[in-house]
2 protein chains.
Amino acid sequence: MKSVKKKPVPTHKEVFVKRITREILSGKWNPGDKLPSERELAAEMGMGKTVVHNGFEQLAAMGLVYIKPKSGIFVADYMKTGNIETLNAIVNLNGDELGRDVVEAILDLRLAIEGMALRALCLCRSEDDIAHLRSITEDIRDCSDNMGVEELAERFFLWHREICILSGKSVLTLFMNTVHDVSIAFWVKYLRMYGTSFAIERLERFIGFIEARDCEGAYNLLATGIDDYLANLEKQTM
Amino acid sequence: MKSVKKKPVPTHKEVFVKRITREILSGKWNPGDKLPSERELAAEMGMGKTVVHNGFEQLAAMGLVYIKPKSGIFVADYMKTGNIETLNAIVNLNGDELGRDVVEAILDLRLAIEGMALRALCLCRSEDDIAHLRSITEDIRDCSDNMGVEELAERFFLWHREICILSGKSVLTLFMNTVHDVSIAFWVKYLRMYGTSFAIERLERFIGFIEARDCEGAYNLLATGIDDYLANLEKQTM
DNA sequence: TATCAAAACTGGTCGGACCAGATGAAGATT
DNA sequence: AATCTTCATCTGGTCCGACCAGTTTTGATA
């Protein structure tokens, strides 16, 4: 009945990718190390070479591994050469245990992205936009009681993405989507810290600023919200 | 002898992905349309179903397509649900023909990312950092004559990425890498517009500000550089 | 000792076989 | 006639073995 969607049977590829990801992020292998060949790993793990190959392609896309064609596969210096997928891999593996500096950098970026969208939306918003935002805010309020925190986090993510969509700055929407996983991790923490009703009230305050075309007000609400969150995070960990 | 690395023989998968990408971005298919089945497309294009399947997986990662498991594959509303890979796909296909608003949004984001890195580096820079930056700047100057503009663009990208690395804000580096393709397109345009020597001089001015620990000076140099570029872009297109 | 060809690697690509969920039409039940 | 059930036939999902083509090592030969 619950909306859990755990995969009952992980595929060979998933098993392989998870294992290597774990081994690299845990430091078992170091940047520059040459990994065993696809054939070796395939035999060791009892799976076909193609599966291992596809797994390595995914690991390369995540920036954890560097493929030197026809020669070998090496552990990448992922903190230098990685990308957002690398960050997602770290977040998905470590769960809540994100370093404070990482969280801070991510939030600064979100401020940059969404702040720009907010300012733009304040200038161009129509009555329909306001009505639309009110509508989806009500939706969240209505179903907030019988919903898991992760599902709720997704709703909050979508609400803020809507800001980007309505602002007309399509590139910002694309950016917002690329930090989806990281954002969910943030919202889960946020909702646990402040509670749902407080978070929903903030959404309504945003709408108020947008309706009044108050660029700076909207931006400051976002900025102070983030600052406040970081301050509380500080307290919690002390 | 040239450093051209064109693939002599594109693989089936590449052919397939390119074709569908073209068809979607050109508007032959519209968001929500159901595409022909993997088997149909495979037969039509004379390739195996697995190849088509892998191709669709890549297209899904690019945000161009939405896979409804065991049911069908649909064209995604990629401007809403896409990510940076989508943007890369657009850039790689259209080449120089990027809309002004897109360019502006991308540069605003770069300002957010790199601006933060610059401020941080101004505060924490060591003598070694300065020497390192001087060294790689000299490298660029030395080999700038006998180098194609694309290769030079890559060097400029790496220079600015180095700012992120040295700043210690590792997340910024990861972000910088995710906008690699888009950045290269920018630098190619930039170098053509201002010339190499002007661009190198700007690098040295950055180093000066960083050495003086002048946060605002460094930030403003970046900001005014971007503004100036956008203004020139305006003139050019008129 | 230096050279160079062959053997033994490496990753790269592909298509066929098979699996399982989704769908919809045909037939049975009410 | 309306509804439910069943099942053939769609769909994508996964995997493996065969084969291809560079790279690296080996070792015989000059």
Side-chain angles (χ1 to χ4, degrees), chain A residues 1-21 23-24 29 32-76 81, chain B residues 1 3-21 23-24 29 31-76 81:
Chain A
M1 200 55 60
K2 285 281 191 68
S3 67
V4 281
K5 33 187 169 178
K6 293 258 177 162
K7 290 228 173 174
V9 179
T11 66
H12 283 188
K13 184 182 168 186
E14 287 170 334
V15 170
F16 173 77
V17 169
K18 196 156 194 171
R19 166 173 159 179
I20 302 294
T21 300
E23 290 187 355
I24 292 177
W29 304 95
D33 283 358
K34 180 171 184 176
L35 292 169
S37 75
E38 294 181 347
R39 283 173 181 82
E40 277 181 68
L41 286 169
E44 179 190 329
M45 299 185 66
M47 45 183 77
K49 193 183 86 69
T50 306
V51 174
V52 171
H53 179 74
N54 290 337
F56 271 131
E57 277 190 333
Q58 187 177 327
L59 286 162
M62 296 194 298
L64 294 178
V65 130
Y66 167 72
I67 300 176
K68 196 174 165 192
K70 322 272 183 172
S71 177
I73 294 175
F74 302 82
V75 176
T81 62
Chain B
M1 203 52 63
S3 67
V4 282
K5 33 188 169 178
K6 294 257 178 163
K7 289 227 174 178
V9 178
T11 66
H12 284 186
K13 184 181 168 186
E14 287 171 334
V15 170
F16 173 77
V17 169
K18 197 158 195 170
R19 167 174 157 180
I20 303 294
T21 300
E23 291 186 357
I24 291 177
W29 305 96
D33 284 357
K34 180 170 181 175
L35 293 169
S37 75
E38 294 181 347
R39 282 173 181 82
E40 278 180 67
L41 285 169
E44 179 190 331
M45 298 185 69
M47 45 184 77
K49 193 182 86 71
T50 306
V51 173
V52 171
H53 180 76
N54 290 337
F56 271 130
E57 277 190 335
Q58 186 177 328
L59 287 162
M62 295 194 302
L64 294 177
V65 129
Y66 167 72
I67 300 176
K68 195 174 165 191
K70 323 273 183 171
S71 178
I73 294 174
F74 302 82
V75 176
T81 61

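Below, chain A is the first sequence line, B the second, and so on; all start at residue 1.
Applying the side chain to side chain donor-acceptor pair (under 3.5 Å) rule to pairs touching residues 43-53 of chain A yields A:Arg19-A:Glu44, A:Glu38-A:Lys49, A:Glu38-A:His53, sequence neighbours excluded. Sequence neighbours left out, not one pair with a member in residues 54-71 of chain B passes salt bridge (charged side-chain N to carboxylate O under 4.0 Å, His left out).
With a 4.5 Å cut-off on side-chain heavy atoms, A:Ile24 and A:Ile20 count as touching. Within the 4.5 Å cutoff, no side-chain heavy atoms of A:Val65 are placed close to those of A:Phe74.
With sequence neighbours excluded, the residues forming a side chain to side chain contact (heavy atoms under 4.5 Å, CB included) with A:Pro36 are A:Trp29, A:Glu40, A:Leu41, listed by chain and number. When the side chain to side chain contact (heavy atoms under 4.5 Å, CB included) test is applied to A:Ala43, no partner is found at least two apart in sequence or on another chain. Remark: B:Tyr66 engages no residue in a ring-ring contact (aromatic ring centres under 6.0 Å, His included) (not counting sequence neighbours). For the side chain to side chain contact (heavy atoms under 4.5 Å, CB included) test, residues two or more places apart in sequence or in another chain that qualify with B:Val17 are B:Lys13, B:Thr21, B:Gln58, B:Leu59, B:Met62. In this structure, B:Pro69 has no side chain to side chain contact (heavy atoms under 4.5 Å, CB included) partners at least two apart in sequence or on a different chain.
Within residues 56-66 of chain A, no residue is approached by DNA chain C to less than 4.0 Å at the level of any non-hydrogen atom.
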When you compare the protein's N or O atoms with those of nucleotides 15-19 of chain D, which come within less than 3.5 Å of each other, and at what distance?
unit_1 : atom_1 : unit_2  : atom_2 : d
D:dC15 : OP1    : A:His12 : N      : 2.5
D:dC16 : OP2    : A:Gly48 : N      : 2.4
D:dG17 : O6     : A:Thr50 : OG1    : 2.2

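Phosphate contact (OP1/OP2 of C:dT23, side-chain N/O of B:Lys68, threshold under 4.0 Å): present. Within the structure, a side-chain polar atom (N or O) of A:Ser37 is placed less than 4.0 Å from OP1 or OP2 of C:dT10.
Atom CD1 in A:Ile73 sits roughly 11 Å away from atom C1' in C:dG12 (whole-Å rounding). Distance NZ (A:Lys70) to C1' (D:dC20): 7 Å, rounded to an integer number of Å. Atom CZ in A:Phe74 sits roughly 12 Å away from atom P in C:dT10 (whole-Å rounding). Taking atom CZ of residue A:Phe16 and atom P of nucleotide C:dG11, one finds them 10 Å apart after rounding to whole Å. Between the C1' atom of C:dG11 and the CG atom of A:Leu41 lies a distance of 13 Å, rounded to the nearest Å.
Comparing C:dG11, D:dT14, D:dT24 against the side chain of B:His53 picks out D:dT14 as the nearest.
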